[in-house]
Amino acid sequence: MNSNKLIFKNSIILYIRLIITSIVGLLVSRLLLQNLGVYDFGLYSVVGGIVTLMAFLNIVMVSTTYRFIAFEMGKGSDIGINKIFNISLVIHISIALLLIILAETLGRWYIFNKLNVDINRIDDAFFVFRMSILATLFNIFSIPYQGLVTAKENFLVRASIETIKSILTLILVCLLFIYDGDKLRLYSVFMACALAIYSSLFIFYCRRNYYSQVRWVFQRDKTKYKEMLQFSGWIMFGAAASVGQVQGSALIINSFFSTVLNASFGIANQVNAFLKMFAGNLGQAVVPQITKNYSGGNHARTEQLVCYTSKYCFFLLLILGLPIFLETEYLLKLWLGVVPKYTVIFTKLMIIKALLDTLGDGVVSIVQATGKIKWFQIIMSSAMLLSLPIAYVFFKNGYEPYTILVIIICIGVLNAIMRLILLKKIVNFDIEKLLRISYLRILYVSLSILPLFYIHSFIESSFLRFSSFVFLSGLYILVSIYVVGIETKEREIVKNKLSLLTKGRK
């Protein structure tokens with residue numbers, strides 16, 4: 001299959017998965033709260049938080065595994081793929097053993113001595129904790145297999161397994177309604193079973209379809225172990241900085257303002273997380289291609305993919321983000337009923353931040369493909385965290401709560417410039433090409449949508465305005481992208497596709 005068609009197909013698959021899992025996730029949260037009650041729901045959130053914490057590690061390690069496997073695939077080396085897979089497996093077995101030791105020592109001590117819970121529920125809390133650890137172990141064992149599926153660009157399999165897990169979770173939560181015993185314990189067992197099935201499906205699929213690449217051969221290459229551990233360490237450093245910026249912002253807001261402001265910031269973060277997931281699907285589909293082309297020496301194709309990834313991730317997010325930006329207040333009232341103070345401006349600034357972040361999607365992928373990520377991660381991450389002490393100083397001088405997001409956006413602009421400088425230094429990338437194909441086109445489209453803001457300001461808020469601008473803004477952006485956002489050759493491709501569709505209908 002043509003690589004562009006594969007990227008398009010995988011993007012569609014990932015968007016369908018996102019829609020299904022998002023809807024199921026909302027249903028699960030609502031039903032779980034009804035089943036467990038507020039107290040047990042909160043208890044599981046605290047004690048079962050190990051699953052959330054390890055999900056963070058999961059993202060890092062899957063990224064590491066598929067980067068190294070995709071690199072070997074680009075070189076056309078089956079032996080190299082098997083070597084990387086087995087090194088990854090050993091690393092994850094070691095992580096699993098370390099987790100067991102920490103859980104049975106520090107985890108046990110914390111629950112029985114420090115956890116703020118009813119004394120009669122201590123045993124339940126420890127049971128939930130152990131089930132959460134078991135669920136996490138299943139997931140850790142499957143990470144090398146997940147990395148292989150991603151590197152193979154078999155997103156249909158990955159999306160199918162993730163959808164099965166979401167639907168299975170929904171079914172299991174519904175079964176709690178007919179159970180009269182300890183629902184908290186049963187739910188923790190259900191979650192362990194769901195993750196066991198999820199992990200087993202990845203393992204079964206890989207052993208059935210890629211046996212030569214996943215068969216067990218113990219590897220003694222200390223250099224490669226060290227290389228993979230260093231890479232994952234720097235990826236984790238960057239991910240931790242991103243989480244630290246958000247959580248640190250929440251703590252600083254809390255120290256200067258009321259918890260109501262934290263609720264406003266949290267709601268805006270939820271919107272931001274959804275938007276980033278939406279735009280990130282295209283990035284997920286392209287990353288393996290960038291890595292394979294780079295390792296295979298096809299640098300012209302690699303540069304092309306990087307340029308187009310940043311541009312189209314921005315456009316996709318703009319199509320969804322602009323109507324939300326224009327109708328933030330109306331949407332929040334529809335969703336929440338009562339909108340906490342500053343939520344509207346927090347959400348608008350978060351949308352701007354999300355759009356700015358998409359500029360780095362393709363850039364980060366090629367830097368990771370090179371493996372030379374140490375200084376890139378140090379500089380980018382340090383700049384991100386710099387926003388926290390700056391915000392602290394501004395708040396000390398009486399500035400408004402949303403100032404912290406303005407500072408984060410300014411740091412984001414600085415990071416966008418530094419990314420280009422580092423890209424030139426690390427990869428010797430044609431920066432002029434990136435500016436011409438991607439960033440300049442993004443600027444044209446961004447400027448072209450300004451009349452929408454002017455028109456919107458003259459129309460009174462109502463459902464009619466909301467529905468009209470959701471439709472019109474999307475249509476307006478698509479036209480703008482076609483006219484000023486893409487090059488002549490891209491425009492010809494669109495014309496040919498539309499022509500084929502027209503002929504097909506006739």
Side-chain angles (χ1 to χ4, degrees), residues 1-3 5-14 16-17 57-96 137-165 195-221 224-225 227-229 231-232 235 281 283-298 365 368-369 371:
M1 183 184 288
N2 177 280
S3 59
K5 288 182 179 178
L6 182 61
I7 290 170
F8 179 76
K9 173 193 163 188
N10 286 335
S11 297
I12 296 298
I13 289 168
L14 289 171
I16 293 171
R17 178 209 64 180
L57 179 63
N58 181 40
I59 293 168
V60 172
M61 293 310 296
V62 169
S63 298
T64 301
T65 303
Y66 82 64
R67 182 267 167 193
F68 280 89
I69 290 176
F71 198 88
E72 295 298 329
M73 287 174 67
K75 295 193 292 187
S77 171
D78 265 13
I79 295 172
I81 293 171
N82 179 255
K83 179 180 180 179
I84 294 299
F85 176 85
N86 281 293
I87 289 173
S88 179
L89 198 59
V90 171
I91 290 172
H92 286 88
I93 289 170
S94 303
I95 290 171
L137 291 175
F138 286 131
N139 197 41
I140 289 172
F141 286 133
S142 72
I143 286 176
Y145 297 91
Q146 293 180 45
L148 179 61
V149 170
T150 303
K152 292 282 186 180
E153 297 180 77
N154 203 334
F155 287 98
L156 179 59
V157 170
R158 184 172 189 92
S160 299
I161 293 173
E162 288 173 353
T163 303
I164 288 169
K165 178 187 166 231
L195 265 175
I197 293 169
Y198 170 78
S199 303
S200 299
L201 286 172
F202 277 110
I203 294 169
F204 175 77
Y205 179 82
C206 289
R207 293 193 69 81
R208 183 182 175 85
N209 294 278
Y210 311 126
Y211 181 75
S212 64
Q213 295 169 358
V214 301
R215 65 187 179 86
W216 172 248
V217 179
F218 182 70
Q219 302 294 330
R220 294 179 173 82
D221 188 343
K224 188 58 73 174
Y225 277 102
E227 185 183 349
M228 287 186 70
L229 285 169
F231 184 91
S232 62
I235 291 288
N281 277 332
Q284 286 181 50
V286 177
V287 168
Q289 285 274 332
I290 290 175
T291 307
K292 289 174 189 175
N293 280 283
Y294 179 82
S295 66
N298 190 350
S365 301
Q368 290 183 2

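FYI, the numbering just counts along the sequence from 1.
Note that CZ of Arg208 and OH of Tyr205 are 10.0 Å apart. Values are rounded to the nearest 0.5 Å. Residue Leu148 holds its CG atom at 7.0 Å from CD1 of Ile81, rounded to the nearest 0.5 Å. In this structure, CD1 on Ile84 lies 13.0 Å from CE on Met73, to the nearest 0.5 angstrom. Between atom CD1 of residue Ile13 and atom OG1 of residue Thr163 there is a gap of 10.5 Å, rounded to the nearest 0.5 Å. The OG atom of Ser142 sits 8.5 Å away from atom NE2 of His92, with the distance rounded to the nearest 0.5 Å. Note that CD1 of Ile69 and OH of Tyr210 are 11.0 Å apart. Values are rounded to the nearest 0.5 Å.
With Phe71 as the aromatic partner, Lys292 does not meet the cation-pi criteria of under 6.0 angstrom to the ring centre and within 45 degrees of the ring axis.
Residues Phe155 and Thr150 are in side-chain contact: their nearest non-hydrogen atoms beyond the backbone lie under 4.5 Å apart. Residues Val149 and Cys206 form a side-chain contact, since some pair of their non-hydrogen atoms from C-beta on lies under 4.5 Å apart. Residues Arg158 and Asn154 have side chains not in contact (no heavy-atom distance under 4.5 Å, counting atoms from C-beta outward).
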Worksheet entry | Val157/Lys152 under side chain to side chain contact (heavy atoms under 4.5 Å, CB included): CA gap, chis, key distance, verdict | CA-CA 10 Å; Val157 170; Lys152 292 282 186 180; over 6 Å; no
Worksheet entry | Audit row: Ile164, Tyr198, side chain to side chain contact (heavy atoms under 4.5 Å, CB included) steps and yes/no | CA-CA 8 Å; Ile164 288 169; Tyr198 170 78; over 6 Å; no
Practice prompt. Decide side chain to side chain contact (heavy atoms under 4.5 Å, CB included) for Tyr225 and Val90; before the verdict, give the C-alpha distance in whole Å, the side-chain angles of both, and the deciding distance to 0.1 Å.
Written response: CA-CA 9 Å; Tyr225 277 102; Val90 171; 3.6 Å; yes
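Arg67 contributes a side-chain N or O that, together with a main-chain N or O of Gln368, makes up a donor-acceptor pair within less than 3.5 Å. Distance alone, capped at 3.5 Å, is enough to place a donor-acceptor pair between the Asn86 side chain and the Arg215 backbone.
Under the 6.0 Å cut-off for aromatic ring centres, Phe85 and Tyr145 qualify, their centroids lying closer than that.
The two residues Ser212 and Asn82 come nearest to each other via the heavy atoms O-ND2, 3.5 Å. The two residues Phe141 and Ile93 have their closest heavy-atom pair at CE2-CG1, 4.0 Å. Contact between Ala151 and Ala70 at its shortest, heavy atoms only, is CB-N, 3.9 Å.
Residue-environment remark: CD1 (Ile79) stays at or below the threshold of 12 foreign heavy atoms within 6.0 Å.
Of the residues Gln213, Glu72, Gln219, the one that meets the side chain to side chain contact (heavy atoms under 4.5 Å, CB included) test with Lys83 is Gln219.
The existence of a salt bridge linking Glu162 and Lys165 is excluded, since no basic side-chain nitrogen approaches an acidic carboxylate oxygen closer than 4.0 Å.
The aromatic rings of Phe218 and Trp216 are tilted relative to each other, their planes meeting at an angle between 30° and 60°.
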